Amino acid sequence: MTTQFIGKENFTIHTQTVTESCPSNIALIKYWGKYADQIPANPSISYTLNHCKTNTSMEFIANEPFSVQTLLSGNEEVKFAEKIEKYFRNIEQYLPWILKGRYIIRTENTFPHSSGIASSASGFGAIAKCLMKLDETFTGEISKEESLRKASFLSRLGSGSACRSLYNGLIVWGETDEVEGSSDLFAVPYPETEIHEIFKNFNDWVLLIHEGQKSVSSTVGHGLMNTNPYAERRFQEARENFVPMKEVLKSGDMERFIKLVEHEALTLHAMMMMSDPAFILMKTGTLEVINKIWDFRRETGLPLFFTLDAGANVHLLFPGNDSEDQIKAFIEAELLQHTQKNGVVKDVMRF
Ligand code: DP6
């Protein structure tokens with residue numbers, strides 16, 4: 001199945017530095033639960049963000065003993081380097097030259113480190129793009145399409161959600177009959193002709209309700225699904241949710257879209273509450289914001305809604321149309337007060 005990504009045995013390596021940048025993404029139908037080799041338990045779909053990115057430069061010093069040094073905003077990160085070293089060893093069959101040198105990886109995020117915005121997605125996305133750039137100089141160029149697909153495949157092996165960050169727009173990862181060409185091994189763009197105009201100009205403002213270490217890492221979180229008695233039902237529901245998602249993306253039915261996206265976010269958190277051990281990742285501010293959003297929608301009928309990652313922060317979603325100024329004013333006046341330090345990252349979806 002993965003033979004299409006096996007690396008070429010003929011290569012000529014040399015010392016080189018490459019730089020790449022990769023955005024973060026926010027899932028609308030969530031990936032939560034996986035099998036061996038980073039195979040997702042269900043398909044997921046996300047929006048790629050525009051401003052939240054990781055910029056990475058990778059210095060490869062050829063023909064020196066394999067080692068990895070990583071610097072995040074200039075500060076050495078030993079734990080991250082260990083993770084990358086393990087990752088590189090793991091993907092050697094796809095890039096046979098990868099262990100034949102020493103690496104210095106300098107990386108910077110355009111969003112606050114502790115914001116809970118998925119830095120592993122943009123981080124591994126940028127690393128995979130750098131690796132593909134090196135691969136092409138060592139083994140010969142391939143088409144842009146092939147290169148992106150392999151970068152998506154490789155980044156998935158670092159962090160599952162990363163594979164969706166390689167493309168702009170709405171991106172699907174995980175095999176589903178609803179999306180042609182979808183795969184468990186890499187992500188594919190959702191066909192643009194099947195997307196209503198309203199979804200092509202969308203805001204995502206991330207309220208930083210709680211900054212600091214997450215109480216459950218994604219790895220631990222996915223693992224909790226192995227013993228969660230509701231896991232199978234959840235995987236099935238995520239698969240089923242692709243049917244209404246597809247209809248809504250085509251028709252532009254905002255009410256159904258909102259219902260679906262909020263349901264997905266709350267289900268993710270419900271799964272964690274029903275895990276053993278249990279986790280409650282929402283904070284008081286998260287609940288206050290959700291209730292205010294619901295009141296606002298009831299009173300104004302305007303399309304402001306939310307999604308959540310595996311943390312307390314709230315992603316505020318709203319279309320970029322005539323209603324956006326009123327929504328932005330409401331956020332500034334009513335919702336910002338629930339953040340820890342007036343923290344908000346104002347982003348838009350990248351198409
Ligand atoms: C809640 O991709 O961070 O953001 O594969 O273990 O690296 P690993 O997990 P990760 O999980 C992301 C989970 C999520 C939902 C999503 O992005 O679909």
Side-chain angles (χ1 to χ4, degrees), residues 22-49 52 54 79-80 83-84 86-87 90-91 109 111 115-128 152-167 170-174 176 182 184-187 190 204 206 213-226 228 231 234-235 237-239 241-242 245 260-273 275 279-282 286 306-315 317 349:
C22 186
S24 188
N25 70 75
I26 178 71
L28 302 173
I29 293 181
K30 307 286 181 183
Y31 147 59
W32 198 243
K34 62 177 164 184
Y35 306 123
D37 301 324
Q38 295 280 94
I39 298 300
N42 63 260
S44 56
I45 182 167
S46 61
Y47 256 134
T48 299
L49 299 178
C52 294
T54 300
K79 281 259 164 307
F80 188 50
K83 204 170 164 181
I84 300 298
K86 197 169 154 211
Y87 168 60
N90 208 12
I91 57 176
N109 295 328
F111 47 89
S115 65
I117 295 169
S119 62
S120 72
S122 53
F124 274 100
I127 284 177
S152 177
F153 170 83
L154 291 173
S155 64
R156 182 196 104 242
L157 296 170
S159 175
S161 58
C163 72
R164 298 187 310 239
S165 273
L166 273 296
Y167 299 95
L170 284 161
I171 310 301
V172 175
W173 168 41
T176 162
S182 57
D184 286 344
L185 303 180
F186 49 82
Y190 190 80
D204 178 3
V206 193
Q213 274 314 89
K214 283 202 264 181
S215 55
V216 56
S217 72
S218 292
T219 310
V220 172
H222 290 288
L224 292 172
M225 289 300 269
N226 296 336
N228 188 319
R234 157 63 196 157
F235 301 148
E237 190 196 44
R239 280 179 220 121
N241 280 346
F242 264 81
M245 180 57 88
L260 196 51
V261 171
E262 289 189 346
H263 177 75
E264 274 288 321
L266 294 174
T267 303
L268 170 71
H269 281 252
M271 283 296 129
M272 279 179 269
M273 288 185 214
S275 295
F279 288 94
I280 301 180
L281 299 186
M282 293 189 202
T286 317
F306 68 88
T307 188
L308 308 164
D309 256 342
N313 298 332
V314 184
H315 286 251
L317 305 176
M349 308 313 180

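As the structure lists them, so they are numbered: ligands from 1, and atoms in each ligand from 1. None of the values given here were measured: they were computed from a predicted structure. Here, residue 1 is the first one in the sequence, and each next residue gets the next number.
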(message) I need the contact type for Ala27 against ligand 1. Using non-hydrogen atoms and a strict under-4.0 Å cut-off, is it side chain, backbone, both or neither?
(response) side chain
(request) Compare all side-chain heavy atoms of Phe124 with those of Ile84 and state whether any distance is below 4.5 angstrom. (result) yes
(message) If we ignore hydrogens and angles and just use 3.5 Å, is the side chain of Arg164 paired with the main-chain N or O of Ile45 as donor and acceptor?
(response) no
(message) Using a 4.0 Å cutoff against the non-hydrogen atoms of Lys34, which atoms of ligand 1 qualify?
(response) 5 (O), 6 (O), 8 (P)
(message) As an exercise, identify every atom of ligand 1 less than 4.0 angstrom from a heavy atom of Arg164.
(response) 16 (C), 17 (O), 18 (O)
(request) Could you say whether the N/O atoms of Asp309 and ligand 1 ever approach to under 3.5 Å? (result) yes
(request) Show the numbers, then the answer: is there a side-chain contact (heavy atoms from CB on, under 4.5 Å) between Leu266 and Phe306? (result) CA-CA 10 Å; Leu266 294 174; Phe306 68 88; 4.1 Å; yes
(request) Could you tell me whether Ser120 approaches ligand 1 through its side chain, its backbone, both or neither, with non-hydrogen atoms closer than 4.0 Å? (result) side chain
(message) Can you confirm if the aromatic rings of Trp173 and Phe186 lie within a centre distance of less than 6.0 Å?
(response) no
(message) Check this for me - ligand 1, Trp32, N or O atoms closer than 3.5 angstrom, yes or no?
(response) no
(message) If I apply the N/O under 3.5 Å rule, does Lys30 come out as touching ligand 1?
(response) no
(request) Using heavy-atom distances, let me know which of Tyr31, Trp173, Phe124 sits nearest atom 15 (C) of ligand 1. (result) Tyr31
(message) For a quick check under 3.5 Å, do Asn109 and Thr54 share a side-chain donor-acceptor pair by atom type?
(response) yes
(request) For Gly160, counting its heavy atoms only, list the atoms of ligand 1 lying under 4.0 Å from any of them. (result) 2 (O), 5 (O), 7 (O), 8 (P)
(message) Please determine whether side-chain contact (heavy atoms from CB on, under 4.5 Å) holds for the pair Leu224 and Phe279, giving the CA-CA distance in whole Å, both sets of side-chain angles, and the decisive distance to 0.1 Å.
(response) CA-CA 10 Å; Leu224 292 172; Phe279 288 94; 3.6 Å; yes
(request) Please report the closest heavy-atom contact between Pro43 and Arg239, naming both atoms and the distance. (result) CD-CG, 3.5 Å
(message) Donor-acceptor check, side chain of Lys30 to backbone of Leu308, threshold 3.5 angstrom: yes or no?
(response) yes
(message) Considering both backbone and side-chain atoms of Asn25, is one of its nitrogen or oxygen atoms within less than 3.5 Å of a nitrogen or oxygen in ligand 1?
(response) no
(request) Would you mind listing which atoms of ligand 1 come within a distance below 4.0 Å of any non-hydrogen atom of Gln38? (result) 5 (O)
